[in-house]
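Please read the structure below before turning to the comments.
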Amino acid sequence: MAAYTPQVFSGVTRAQYAMLMEKANDAGVPMSGNSGRASKMGVEVEWNYSEERQELVLTASALPSS
C-alpha cells in the first residue's frame, strides 16, 4: 500500500470538523469520531483530529488492486 505524505490542517474548529465529517459521509466515505480509517474507490483515508490543538491530520493510501 502506497502511503502519501500526511496533510496537516491547523485552526480547524469543532464546528468545521463536524461539517467535514458530514460531507465525507454524504459522499459515501464512512467517517466518524476523532480518528479512524475509511476506504472508498481504492483509496484508504486515515484521520486524526485534535480539538485541543484544532488540528486535523489526513493521510491517504492507495489500496492494492486485486
Side-chain angles (χ1 to χ4, degrees):
M1 181 165 35
Y4 302 103
T5 303
Q7 300 294 303
V8 180
F9 301 91
S10 299
V12 180
T13 66
R14 187 68 168 147
Q16 290 170 321
Y17 180 67
M19 186 184 334
L20 290 170
M21 296 299 281
E22 183 178 331
K23 288 184 179 209
N25 282 286
D26 288 348
V29 180
M31 295 176 73
S32 64
N34 287 348
S35 63
R37 288 184 185 174
S39 61
K40 184 171 181 178
M41 298 175 59
V43 175
E44 181 177 73
V45 177
E46 186 173 341
W47 68 94
N48 190 348
Y49 175 67
S50 170
E51 187 172 4
E52 298 81 36
R53 292 190 311 269
Q54 290 192 334
E55 181 180 88
L56 174 61
V57 179
L58 295 174
T59 305
S61 300
L63 296 173
S65 56
S66 40

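Hydrogens, waters and symmetry mates play no part in the numbers below; they use all other heavy atoms, side chains included.
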Exercise. Can you measure from CD (Glu44) to CZ (Arg37) and round to the nearest 0.5 angstrom?
Key: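 That separation rounds to 5.0 Å.
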Quiz item: Atom CG of Asn48 and atom CZ of Arg53: how far apart are they, to the nearest 0.5 Å?
Solution: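 Result: 7.0 Å between the selected atoms.
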Quiz item: Which pairs pass ring-ring contact (aromatic ring centres under 6.0 Å, His included) with one or both residues in residues 26-46, sequence neighbours excluded?
Solution: none
Quiz prompt | Under 4.5 Å side-chain linkage, directly or through intermediates, the cluster mates of Val43 | solution =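 Phe9, Val12, Tyr17, Leu20, Met21, Val29, Met31, Val45, Trp47, Tyr49, Leu56, Leu58, all in the cluster of Val43.
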Quiz prompt | Set of residues satisfying side-chain hydrogen bond (donor to acceptor under 3.5 Å, both in side chains) with respect to Ser35, sequence neighbours excluded | solution = none
Quiz prompt | Counterpart residues, side-chain hydrogen bond (donor to acceptor under 3.5 Å, both in side chains), relative to Ser10 (two or more places apart) | solution =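 By the side-chain hydrogen bond (donor to acceptor under 3.5 Å, both in side chains) rule, Ser10 matches no residue at all.
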Self-check item: Minimum heavy-atom distance between Ser39 and Pro30, given as atom pair plus value
Solution: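 In terms of heavy atoms, the two residues are closest at O-CD, 4.5 Å.
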Practice problem: State, to 0.1 Å, how close Glu55 and Val57 come at their nearest heavy-atom pair, and which atoms those are. | Solution: OE1-CG2, 3.9 Å
Exercise. Quick one: list whatever passes side-chain contact (heavy atoms from CB on, under 4.5 Å) with Ser32, sequence neighbours left out.
Key: none
Quiz item: Under the salt bridge (charged side-chain N to carboxylate O under 4.0 Å, His left out) test, which residues partner Glu22, sequence neighbours left out?
Solution: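 With sequence neighbours excluded, Glu22 shows a salt bridge (charged side-chain N to carboxylate O under 4.0 Å, His left out) to no residue whatsoever.
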